[in-house]
Structures are given as structure tokens and as C-alpha cells.
Amino acid sequence: MNWSRNTFFMIEEKYTRYALVNREVPYQQLDYFIEEEDFVEVHGMRFWKPFVEKPIDGDNHSIMIYYPSSAGGGMKELFRKVGNRSSEFHPEVRRVRREGSYIYEEFMPTGGTDVKVYTVGPEYAHAEARKSPVVDGVVMRNPDGKEVRYPVLLTPAEKEMAREVCIAFRQAVCGFDLLRCEGRSYVCDVNGWSFVKNSHKYYDDTACVLRKMFLDAKAPHLSSAIPPTLPWKVNEPVQPSEGLTRQGSGIIGTFGQSEELRCVIAVIRHGDRTPKQKVKLKVTEEKLLNLMLKYNGGRPRAETKLKSAVQLQDLLDATRMLVPRTSFYILCRPDRESDSEAEVEHAEKLRQVKAVLEEGGHFSGIYRKVQLKPLKWIKVAKSSGEGEEERPVEALMVLKYGGVLTHAGRKQAEELGRYFRNNMYPGEGTGLLRLHSTYRHDLKIYSSDEGRVQMSAAAFAKGLLDLEGQLTPILVSLVSKDSSMLDGLDNASIEMEEAKARLNEIITSSSKTIPSNGSAEFSWMVDGAGLPPNASELLPKLVSLIKKVTEQVRLLATDEDENLAETSLYDVIPPYDQAKALGKTNIDVDRIAAGLPCGSEGFLLMYARWKKLERDLYNERKERFDITQIPDVYDSCKYDLLHNAHLNLEGLDKLFKVAQALADGVIPNEYGINPKQKLKIGSKIARRLLGKILIDLRNTREEAISVAELKSNQDHDSSSVKTEKEDTEAKSKHPNKNEEIRKSITLSDISMDQEDDDDKETKYRLDPKYANVKTPERHVRTRLYFTSESHIHSLMNVLRYCNLDESLLEEESLVCYNALQRLYKTKELDYMSYIVLRMFENTEVDLEDPKRFRIELTFSRGADLSPLEKNDSEASSLHQEHTLPIMGPERLQEVGSYLTLEKMEMMIRPFAMPAEDFPPPATPAGFSGYFSKSVLERLVNLWPFHKHAHSNGK
């Protein structure tokens with residue numbers, strides 16, 4: 001029986017976050033148990049999803065993991081391996097079980113890996129890692145049908161944990177499961193009498209441990225004299241190492257035959273998305289004001305945010321009662337004059353809010369959020385009649401929606417992951433999988449807080465690692481959110497506003513770009529570089545074309561409204577389900593065939609999108625253009641041209657070309673009107689990301705040097721074989737040497753170093769002494785950072801303009817002249833654009849030589865828009881798939897150039913956050929540390945073997 005699952009609540013209650021829900025009969029109602037959409041609460045202790053639900057019965061292995069709505073929701077069931085499956089994902093299950101008694105605990109992300117530890121006495125521990133069943137549920141098996149596991153190194157702290165578990169449970173031969181989470185390790189399961197399945201080295205070591213135990217007990221005088229290795233292993237030939245795989249880049253050029261890829265760092269933009277939308281309206285309706293008070297604790301001046309399904313359902317119910325019964329056709333009729341313009345606009349916006357909340361069939365949680373902020377208050381008499389109190393009479397409602405990763409976006413991300421697997425690593429695809437499965441690939445994936453970015457990261461991981469199944473479990477298991485590094489523009493908001501003001505001045509002044517500290521030779525050095533010379537003439541044309549498209553969509557929305565008044569359109573076409581759409585990579589054929597817009601958007605919301613763009617781009621009363629709306633116009637054009645071509649909107653292709661010409665100039669200049677301003681803004685936005693990249697490179701270098709030094713020492717030792725006489729003399733001179741060797745073997749031949757203060761990421765390293773792998777010393781570090789357009793532009797601007805800083809004026813740019821020209825002509829870094837840094841080690845040069853480590857820089861413009869600009873067979877095929885291909889990588893350095901790590905660090909350091917400024921990783925809530933001695937002593941009393949153990953049993 002798995003006793004640990006029964007005992008940890010009782011003994012660990014004040015150390016970790018575990019809670020027990022004990023039902024005497026199935027479906028018993030319990031006063032202390034509360035379940036909401038994204039959490040359960042037990043005796044006042046709240047467990048937010050993702051959390052784990054374990055049966056009290058240790059023999060019942062049906063364990064559930066419940067996922068938050070922010071990741072798409074659903075549940076994953078873990079069970080004893082059946083064939084090649086160890087878990088199944090159920091996207092529709094969102095409520096916990098109620099037929100029995102269960103333990104609830106926080107889910108601990110471990111990078112998709114479990115560690116199994118096996119002790120033979122308190123001084124020996126062998127560890128093996130396997131793919132966690134929480135990832136995709138596919139069991140990796142070898143040709144003999146055994147689950148694939150590889151030995152990994154334990155940290156000193158983990159070895160001490162193994163020793164304490166062995167002693168506490170009084171089980172010399174003992175197995176337990178270890179979870180590594182955010183730089184710390186936790187014992188989650190103690191199995192008792194347990195052995196390693198396939199490892200000759202483990203059994204050889206076990207024989208040595210047992211022999212030492214016998215000798216210590218019966219012949220201690222011989223214990224220190226007999227070598228710790230088995231006699232028939234002494235002269236056994238060493239397995240020859242596989243030669244170095246030649247990994248010189250095919251993109252930049254060849255740099256000799258002894259380069260090893262050591263690190264891949266990629267910063268990647270999210271995939272194709274729906275247009276981002278925002279609705280703002282002032283509300284005075286009592287139902288909405290009461291709703292605000294309900295969720296802000298009754299504070300009349302406090303704002304509130306509505307995100308959960310319950311909150312949004314309340315808002316939808318209130319909005320349905322407030323939306324005028326007048327049909328949409330009358331509301332948006334051009335000749336309507338009976339009501340004021342403000343009243344009509346308010347009614348339109350309320351109807352838009354209702355439509356957005358009804359979109360999708362149910363609330364998936366991460367694509368709609370509402371903010372209610374009080375604006376005016378009055379004094380009213382209290383209901384008790386005693387005194388007065390404040391009450392809000394007007395509030396600002398802000399509804400944000402859209403920006404959802406489309407089926408095309410997921411397909412793009414997954415395909416790009418496969419491309420990386422096949423092209424960024426040696427071995428034509430199988431090389432990366434082989435490295436990863438043998439724990440010689442250190443992979444970490446980071447994402448911003450936006451749903452489209454998280455899902456892009458999960459889809460990319462699926463393609464990169466050749467995973468199966470839906471994205472939610474992959475997202476929760478493999479992707480870490482870091483909004484402080486990959487989100488936000490607050491640090492550069494002032495400079496960006498200055499850039500937009502200057503940009504507006506250039507465009508509306510009817511003049512061409514104005515030279516600034518540059519020359520004709522460097523066209524990118526002028527203010528507003530990239531803007532079309534006739535930008536001021538294109539703006540009125542843009543407004544005219546938008547009005548034409550908006551009117552067509554208005555007519556489609558009117559027809560839809562009249563049809564819905566007679567019968568429900570969804571009687572034939574089911575409502576679009578965003579949660580289910582997360583698992584799709586193909587278009588919804590039924591909606592397209594029915595003549596509906598692609599995705600979840602109906603014609604009403606499509607009309608609201610275009611009408612808002614029309615109003616925001618040009619204020620007819622003030623006769624003023626707002627150039628900051630140009631990127632949104634361009635996004636809408638691109639989206640409808642790709643996904644809604646079947647609607648045949650006349651003039652949309654012309655609108656796209658005009659918007660593209662303006663956006664190609666506006667978007668890059670929003671991040672700085674000239675190179676020096678681009679560098680300033682970029683360094684502020686990407687400061688933390690740049691610091692993390694330098695940490696990644698430095699840690700890779702230090703790790704590679706340590707491995708090289710260790711290998712050099714081993715080669716030196718093997719070449720210095722002593723004679724038997726010399727060996728005997730050495731033993732007499734160094735009587736403690738055997739004891740040191742014995743300790744090193746009994747604990748583990750090699751130990752993982754303690755992690756640096758600035759690098760607390762969870763690591764898994766192959767144990768070379770136990771692994772049946774020809775090149776166990778080979779190791780590649782991969783860091784993937786998924787973010788939005790702002791961080792891609794910012795990072796690129798720092799890379800190409802870093803030499804403009806006063807401290808680096810004597811240096812050449814990291815980006816060559818030809819690449820600077822191509823970047824100037826590139827303009828947009830579209831969906832799935834990326835920047836890649838690969839670090840290679842040249843093993844033929846000295847460790848101290850700067851040329852030991854080389855950096856390769858490449859980038860991709862992302863989605864290829866050229867098919868949208870054509871009317872050939874390629875464009876026709878594109879319209880059927882709704883997916884743009886991703887452009888291949890382009891080099892940022894000249895062929896044959898050599899960028900050393902030392903030069904890279906020198907050029908980037910002035911703009912990067914120093915390593916010492918990175919805050920230490922937060923310990924997961926409720927986890928205060930490793931098991932204390934008192935806790936382990938209390939464990940002894942619960943262990944079943946203790947009752948029958950002899951007093952001297954060890």
C-alpha cells in the first residue's frame with residue numbers, strides 16, 4: 001500500500017499545503033468544502049487550479065489534475081500504465097469528484113519530468129528520470145517493452161533527503177519519488193521495497209555496498225583494505241566515446257570540425273490571432289452599479305475586475321435585461337434621428353457587450369475581462385435609517401476581448417517547433433529528441449501572461465518535442481509565466497509617447513522624412529525612416545476605404561439580426577466553443593459553409609470592430625487623424641483577408657495595401673523615431689530579458705568549461721596507470737584514499753553542483769557513470785522566450801544599434817551592414833517572428849581563448865504575407881487553409897565572421913539587468929522547506945514495517 005498518500009496530510013499539514021476531504025458516504029454534503037470555477041476551499045484553505053486530487057486509498061491510483069480556465073480548463077486523469085498510456089485529458093470535466101474521500105494539494109510544475117530514487121542503505125542513492133505522465137500521457141518504451149528511464153545526478157541536498165527517508169522509514173532498500181519544482185526538491189511518494197529495473201551498474205554498486213556492510217560487521221580490519229570496485233571490473237575496458245558530432249552552422253558558415261552546439265536561445269512572437277478589441281462606455285444603470293458593488297466588497301469608490309465565469313455570467317444576465325428590444329437594424333440605420341447620437345452609441349455598445357459575453361457558448365476565461373471603475377458618487381440615507389452613505393451613480397465600463405490565438409496560430413507555432421527540432425539541432429530531428437530523452441537537453445520555456453502567447457508556447461513545445469494530445473496539459477507542465485520579463489511597456493511609456501507625437505508630426509506635416517544625424521548611405525538613420533513619402537495623402541484614402549468595408553459589414557450584420565429574430569441560427573450551426581478550439585489546427589468548415597465569419601466572431605461583433613476603427617482613426621468633428629490606430633486597421637485587414645475571404649468584401653484588398661504601406665512605417669517607429677531613440681526604448685523594454693539571456697550564456701559557458709576540465713582530468717588519470725608496486729606504496733602513503741573513493745561511490749560518482757544564485761531553474765542531468773550512452777558529456781541548453789511584438793522589436797533594436805551607446809562608439813554593430821539593410825526593408829516582424837542566438841564551443845582551442853565560444857545570430861520575419869498580395873493558385877490554397885507560412889531564418893552576421901561570447905557580453909551588458917538585480921525565485925506558496933527531523937521521526941510511527949522491526953534493524 002502507498003502509505004505516503006495517507007500520511008502526508010496528517011503530518012505535513014503545517015509544512016505543506018495538503019487538505020483532506022473525508023466523506024463517510026458518497027456525495028455527502030460537507031459544510032467545510034466549497035468548490036468554485038477555479039478553486040476548492042477546505043476548512044478555509046483555498047487551492048487554486050491547477051491542483052491535484054488523490055484518493056485516500058493508497059491502492060487507488062486514479063489521480064486527477066484540474067486545470068484553470070486561464071489555461072483552457074479540463075482535467076487530466078493519471079492511472080497505472082495501460083499499454084503506452086499513463087494518463088488521459090478530459091477537456092469537458094471541470095468539477096471535482098464527490099463520491100469518496102480525497103486529498104487536495106497544489107500542482108507542482110516539474111518541467112515534464114519525474115525522478116525515481118532508489119536507496120541501498122542510507123549512504124547510497126541511485127536516481128532515474130522519466131517523462132512525467134502529466135505531459136501527454138504517452139509512455140516511452142524501449143524495444144524490450146520497458147519504460148524508458150535514464151539515470152540522473154542528484155544534488156547534495158537530494159542525497160541527504162534520500163538518507164533521511166531511508167533512516168526514517170527504516171527501509172534500507174527503499175524507493176521514493178522526487179519532484180523538482182522552482183529550484184527545490186520534494187518527496188511526494190515513498191514506495192518501500194523497490195529496485196531499479198535495468199542497470200548493471202546499480203547492481204554492481206549494490207554488491208559493493210552489501211560487501212562493505214558485511215565487512216564492517218564481521219571483518220572491519222579488511223573493510224578499508226579491499227578496493228571498493230568489483231574485482232572482475234578492475235581491468236574492464238572503458239566504452240569508447242562517440243566522436244564529436246560536427247555541429248558547425250549551415251547558416252553562417254563552417255568553422256572547423258570540432259564545434260559543439262552548447263546553447264540555443266530563441267525569443268519568439270506569438271502566432272496568428274484575432275484582432276484585439278476594447279469597448280468603453282459610461283454606465284448609470286442600477287443593475288450594473290449593484291454588480292460592481294457586489295464584487296468590490298460594497299466599496300462605492302473601489303473599482304472591480306470581472307474575469308471568472310460566475311462574474312461574467314452575472315454581467316451577461318444584467319446586460320440582457322438592459323439591451324433595448326429595438327432591433328439592430330433600427331439602431332444602426334443611417335437615417336435614424338429620433339434619439340441623440342450618444343443614446344444610439346450607448347445602446348450599440350451595450351448590445352456589443354452582450355454579444356461578446358455570449359460569444360463561444362461558455363466562458364473560457366482568458367479572452368474576456370471587464371473593468372468597472374466608479375466615476376461619480378452621491379450621499380444617500382442608509383437602509384437602516386441611521387445616517388448617510390456614499391453610493392456610485394456612474395461608472396466606466398471597459399470590456400477587453402479578442403486577441404485569441406487562432407487555429408492558424410496554433411498550427412504555425414506547432415510547425416515552427418518541428419522546424420526548430422529538425423534544423424536548429426544536429427541529427428536531422430532525431431538528434432534533439434535523443435538528447436532530450438536522455439536528459440542531455442536542458443529545456444526551459446517562458447511566456448508572458450497573455451493567453452495567445454502561452455498557447456503559442458505550448459503548441460511550439462508540442463512540435464519541438466513531438467508530443468501528442470491537447471495543449472492545456474503541455475502548457476501547465478512545460479511553460480512558465482514571467483510577465484515581468486516578457487510583458488509590459490510601462491518602463492518606456494514616456495519615450496514611446498514622444499516617438500508617436502514626433503511620428504504624427506512627420507506624417508501630418510505633408511513633408512517627407514527629415515534627416516537626423518545620418519546620411520543617405522544609411523537610410524535607416526533618419527527620423528521616421530520607412531514611412532512612405534506620401535503618407536499624408538494615404539490617410540484620407542484609408543478612411544474612405546474603411547467606410548466602404550464597414551458599410552458592407554453593417555448590411556451583413558443587419559441580415560443576421562433579422563434572421564435571428566425569426567429563428568435561432570444556432571439551431572443549424574452550433575455556437576463556437578473557444579475551449580474546444582484550443583485543440584484545433586483546422587478551420588471550422590461548417591461555419592464557413594454557412595457564410596459566417598471564421599472563428600467565434602459574428603457579424604454584429606465584426607461590424608462593431610470596423611465601426612470602432614472608422615471612428616477612432618478619424619474624428620470628423622475635430623477633423624483629426626489618430627495615427628496610433630493604423631496598426632489596428634492593418635491587423636483587421638490582414639485578419640479578414642486571411643480568414644474571411646469567403647465573405648467577398650469589396651475593396652478589402654485595396655484597403656490592405658494602403659494600411660500595409662502606412663503600418664510598415666508606423667509600427668517600427670512606435671519603438672523609436674530614430675536609432676538612438678530605438679536603442680533607448682528597446683533597452684528599457686527588454687532590459688530584464690537581456691539580463692536573462694546573458695545569464696543563460698554565462699551559465700552555459702561555465703558548465704561547458706567544468707565538463708571540459710573534468711574530462712581533461714579523467715583523460716590524464718587514465719594515461720597515468722601505476723604499477724602494482726607503485727599502487728601499493730601509494731596506498732600506504734594515503735590510507736584515507738580508499739575511504740574517499742568508497743564515499744564517492746556510495747553517494748554517487750558525480751554530483752550536480754549547487755545552482756548559482758542567479759540561476760534557480762530546475763535541472764536534470766544525465767549521470768554518466770550509469771548511462772548506457774556513448775557521449776554522456778554532451779549537453780545542450782535551450783531557453784525559449786515567447787512574447788509579443790513589443791519585445792521582439794525592442795530586442796532587435798538593441799542588437800543592431802547597441803554600438804551607438806557612448807561607451808561603445810569605437811565598436812562595430814553586432815549586426816552586419818547587409819543585415820541592417822535587410823532589416824530596414826523588412827519593416828514588420830509578423831506573427832511567429834523570432835530571434836535566435838546559438839552558442840558553439842570550439843574544443844580545439846584553449847579554455848582561456850576568447851574563440852572557445854562563438855555566438856551565431858539569426859532572425860525570421862515570421863509569417864510570409866506575400867500570398868495575401870497575389871491572386872494565383874498559392875493564394876487560393878492559402879484561403880482554404882487560412883494559414884500563412886513562416887519565413888526561414890536569415891543571418892545577422894556576414895558569412896565567415898566570428899562573434900565571440902566575450903564580445904557579445906561586452907556589447908549587451910550596458911543595456912541588460914545585472915544578474916545581482918534579479919530577485920530570488922519565490923518559493924511556491926505553502927512550501928516552507930525540506931522535511932525537518934521531527935517530521936521524519938513522526939513518519940516512523942506511521943510506517944507499517946516499524947511495528948514489526950527489531951530494535952537493531954536498520
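With sequence neighbours excluded, the residues forming a side chain to side chain contact (heavy atoms under 4.5 Å, CB included) with T787 are V267, L486, H791, I792, listed by chain and number. In this structure F911 satisfies the ring pair (Phe, Tyr, Trp, His ring centres under 6.0 Å) test with no other residue, sequence neighbours excluded. Annotation: side chain to side chain contact (heavy atoms under 4.5 Å, CB included) contacts of S483 (sequence neighbours excluded): D449, D487. For T782, the side chain to side chain contact (heavy atoms under 4.5 Å, CB included) partners at least two apart in sequence or on another chain are V264, Y425, H441, L443, V780, L784. Every residue was checked against the ring pair (Phe, Tyr, Trp, His ring centres under 6.0 Å) condition with F853, not counting sequence neighbours, and none meets it. Applying the ring pair (Phe, Tyr, Trp, His ring centres under 6.0 Å) criterion to Y67, with sequence neighbours excluded, gives F89.
Looking at heavy atoms from C-beta onward, Y634 lies out of side-chain contact with V666 at the 4.5 angstrom threshold. Between L690 and M913 there is no side-chain heavy-atom pair separated by less than 4.5 Å. No side-chain heavy atom of L261 sits under 4.5 Å from any side-chain heavy atom of E841. Between I693 and I908 there is no side-chain heavy-atom pair separated by less than 4.5 Å. Contact of the Y801 side chain with the V815 side chain is not registered, since no non-hydrogen atoms from C-beta on lie closer than 4.5 Å. Side-chain contact check for K851 versus E902: every heavy-atom pair is 4.5 Å or farther apart. Contact annotation: the side chain of R421 approaches that of D466 to within less than 4.5 Å [non-hydrogen atoms, C-beta and beyond]. Looking at heavy atoms from C-beta onward, W524 lies out of side-chain contact with L823 at the 4.5 angstrom threshold.
Interatomic distance, S456 OG to I445 CD1, rounded to the nearest 0.5 Å: 12.0 Å. The distance from atom CD1 of I886 to atom CG of L884, rounded to the nearest 0.5 Å, is 7.5 Å. Between the CZ atom in R141 and the CD atom in E147 there is a gap of 6.5 Å [rounded to 0.5 Å]. Of the inter-residue distances, the one linking I667 atom CD1 with Q660 atom CD reads 10.0 Å to the nearest 0.5 angstrom. The line from CG of L641 to OG of S636 is 12.0 Å long, rounded to the nearest 0.5 Å. Note that CE of M832 and CD of Q412 are 7.0 Å apart. Values are rounded to the nearest 0.5 Å.
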Task: Stepwise side chain to side chain donor-acceptor pair (under 3.5 Å) check, E415 with Y419 - done: CA-CA 6 Å; E415 288 180 350; Y419 177 85; over 6 Å; no
TODO: Begin from the C-alpha positions of H270 and E450 and carry the test side chain to side chain donor-acceptor pair (under 3.5 Å) through to its verdict.
DONE: CA-CA 10 Å; H270 59 76; E450 295 175 322; 5.3 Å; no
Open item on the list: Please evaluate residues D482 and S480 with respect to the criterion side chain to side chain donor-acceptor pair (under 3.5 Å), reporting the C-alpha separation (whole Å), side-chain torsions for both, the decisive distance (0.1 Å), and the verdict.
Closed with: CA-CA 7 Å; D482 194 326; S480 301; over 6 Å; no
- [ ] Quick one: do I65 and V476 satisfy side chain to side chain contact (heavy atoms under 4.5 Å, CB included)? Show the steps, please.
- [x] CA-CA 10 Å; I65 300 171; V476 174; 5.9 Å; no
- [ ] Quick one: do N818 and E894 satisfy side chain to side chain contact (heavy atoms under 4.5 Å, CB included)? Show the steps, please.
- [x] CA-CA 8 Å; N818 288 335; E894 293 286 1; 3.1 Å; yes
Open item on the list: Walk me through whether T826 and F859 qualify under side chain to side chain contact (heavy atoms under 4.5 Å, CB included).
Closed with: CA-CA 11 Å; T826 295; F859 86 104; 4.3 Å; yes
TODO: Apply side chain to side chain donor-acceptor pair (under 3.5 Å) to R781 and T700, showing your working.
DONE: CA-CA 7 Å; R781 178 189 298 251; T700 303; 3.0 Å; yes
TODO: Would you check, one step at a time, whether the test side chain to side chain contact (heavy atoms under 4.5 Å, CB included) holds for E856 with L899?
DONE: CA-CA 7 Å; E856 172 194 280; L899 174 61; over 6 Å; no
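Residues F786 and F460 place their aromatic rings such that the two centres sit under 6.0 Å apart.
Under 4.0 Å is where a charged nitrogen must lie from a carboxylate oxygen, and between R698 and E702 no such pair does. Salt bridge status for R861 with D830: absent, with no side-chain N to carboxylate O gap under 4.0 Å. At a threshold of 4.0 Å, the pair E260-R262 counts as salt-bridged, since one of the basic side-chain nitrogens sits closer than that to a carboxylate oxygen. A salt bridge is defined here as a Lys NZ or Arg NE, NH1 or NH2 lying under 4.0 Å from an Asp or Glu carboxylate O, and R273 with D635 meets this definition. Taking 4.0 Å as the cut-off between side-chain N and carboxylate O, K692 and D696 count as a salt-bridged pair.
Nearest heavy atoms, A129 versus V152: CB-CG1, 3.7 Å. Heavy atoms only, all atoms of each residue included: E88 and H90 are closest at O-CD2, 3.7 Å. Contact record, A458 with I474: O-CG2, 3.7 Å, taken as the closest heavy-atom pair. When all heavy atoms are compared, the tightest approach of N142 to V148 is N-CG2, 3.5 Å. Of all heavy-atom pairs between S87 and P133, the closest is OG-O, 2.6 Å. When every heavy atom of G691 is checked against every heavy atom of A912, the shortest pair comes out as N-CB, 3.5 Å.
For K76 (side chain) and V135 (main-chain N/O), a donor-acceptor pair under 3.5 Å exists by modelled atom type. Checked by atom type and distance alone, the side chain of Y785 never pairs as donor or acceptor with a backbone atom of A266 at under 3.5 Å. Using modelled atom types, one side-chain atom of N644 and one backbone atom of C598 make a donor-acceptor pair closer than 3.5 Å. Judged by distance alone, with hydrogens and angles left aside, the side-chain atoms of R822 form a donor-acceptor pair with the main-chain N or O of R891 at under 3.5 Å. For S833 (side chain) and R269 (main-chain N/O), no donor-acceptor pair under 3.5 Å exists by modelled atom type. Looking only at distances, a side-chain donor or acceptor of T274 sits under 3.5 Å from a matching main-chain atom of V404. A distance-only check finds a donor-acceptor pair linking the side chain of T883 to the backbone of E881 [under 3.5 Å]. Side chain of R854 to main chain of M839: no donor-acceptor pair is present (N/O by atom type, distance under 3.5 Å, no hydrogens or angles). Put simply, the side chain of R783 gets close to the backbone of D442: a donor and an acceptor are under 3.5 Å apart. Between the Q454 side chain and the V479 main chain, no donor and acceptor come within less than 3.5 Å of each other.
Checking each of L465, T113, V138 against K131 for a side-chain contact (heavy atoms from CB on, under 4.5 Å) leaves exactly one that passes, namely V138.
Relative to the ring axis of Y831, K638 places its NZ or CZ within 45° and under 6.0 Å from the centre.
Note on ring orientation: taking the six-membered ring where Trp is involved, the planes of H793 and Y671 are parallel (angle under 30°, cut-offs 30° and 60°).
Using modelled atom types and a 3.5 Å distance limit, the side chains of H882 and D272 yield no donor-acceptor pair.
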